[in-house]
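In this chain, residues are counted from 1 in sequence order.
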Amino acid sequence: MNHLQMWDAIDSFAKVKGTTASGLAKMSGLNPTTFNKSKRFTCYGQERWPSTQSISKILNATNTTFSEFAKFLEP
């Protein structure tokens with residue numbers, strides 16, 4: 001799993017759930033900008049990964065297991 005795969009998985013997961021990454025963040029009780037494309041890299045160009053807490057919140061909000069989400073990580 002790499003950085004791009006993780007963010008693509010979140011984007012694809014949101015789409016399957018009928019929303020955007022921003023909408024997914026909102027429904028999970030997160031700041032709507034949590035998964036914005038502009039926040040995926042630091043101002044120095046370093047990769048910024050979503051936290052395990054953020055992933056946990058989207059799984060709980062959508063009643064999804066980690067195993068189900070992990071399928072979105074497969075290339």
With N63, which residues qualify under side-chain contact (heavy atoms from CB on, under 4.5 Å), at least two apart?
->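 For N63 there are no side-chain contact (heavy atoms from CB on, under 4.5 Å) partners, ignoring immediate neighbours.
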
Output all residues satisfying side-chain contact (heavy atoms from CB on, under 4.5 Å) with T20, sequence neighbours left out; order by chain, then residue number.
-> S22

Has the side chain of H3 got a donor or acceptor atom that lies under 3.5 Å from a matching backbone atom of R48?
-> yes

What's in the same ILVMFWY side-chain cluster as Y44, cut-off under 4.5 Å, chained through other members?
->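 None; Y44 is a cluster of one.
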
Just verifying a value: how many Å separate [X] [atom1] and [Y] [atom2], rounded to the nearest 0.5 Å?
X: L59; Y: S67; atom1: CG; atom2: OG; value: 10.0 Å
X: F35; Y: W7; atom1: CZ; atom2: CH2; value: 6.0 Å
X: E47; Y: F41; atom1: CD; atom2: CZ; value: 5.5 Å
X: I58; Y: I10; atom1: CD1; atom2: CD1; value: 5.0 Å

Quick one: closest heavy-atom pair of P50 and M6, and the distance?
->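 Nearest heavy atoms, P50 then M6: CG-CG, 3.6 Å.
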
If you take all heavy atoms of A21 and A14, which pair is closest and at what distance?
-> N-CB, 3.7 Å

Hey, quick one: are F13 and L4 part of the same hydrophobic cluster, counting side-chain heavy atoms closer than 4.5 Å, chains of contacts allowed?
->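 Cluster IDs for F13 and L4 differ.
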
Which pairs would a plain distance check flag for residues 68-75, meaning a side-chain donor or acceptor within less than 3.5 Å of a matching protein atom at least two apart in sequence or in another chain?
residue, atom, partner, partner atom, Å
E68, OE1, T65, N, 2.8
E68, OE1, T65, OG1, 3.3

For residues 6-29, the salt bridge (charged side-chain N to carboxylate O under 4.0 Å, His left out) pairs (sequence neighbours left out) are D11-K37, D11-R40

Does any pair with a residue in residues 27-36 pass side-chain hydrogen bond (donor to acceptor under 3.5 Å, both in side chains), and if so which ones, sequence neighbours excluded?
-> N31-T33, T33-K39

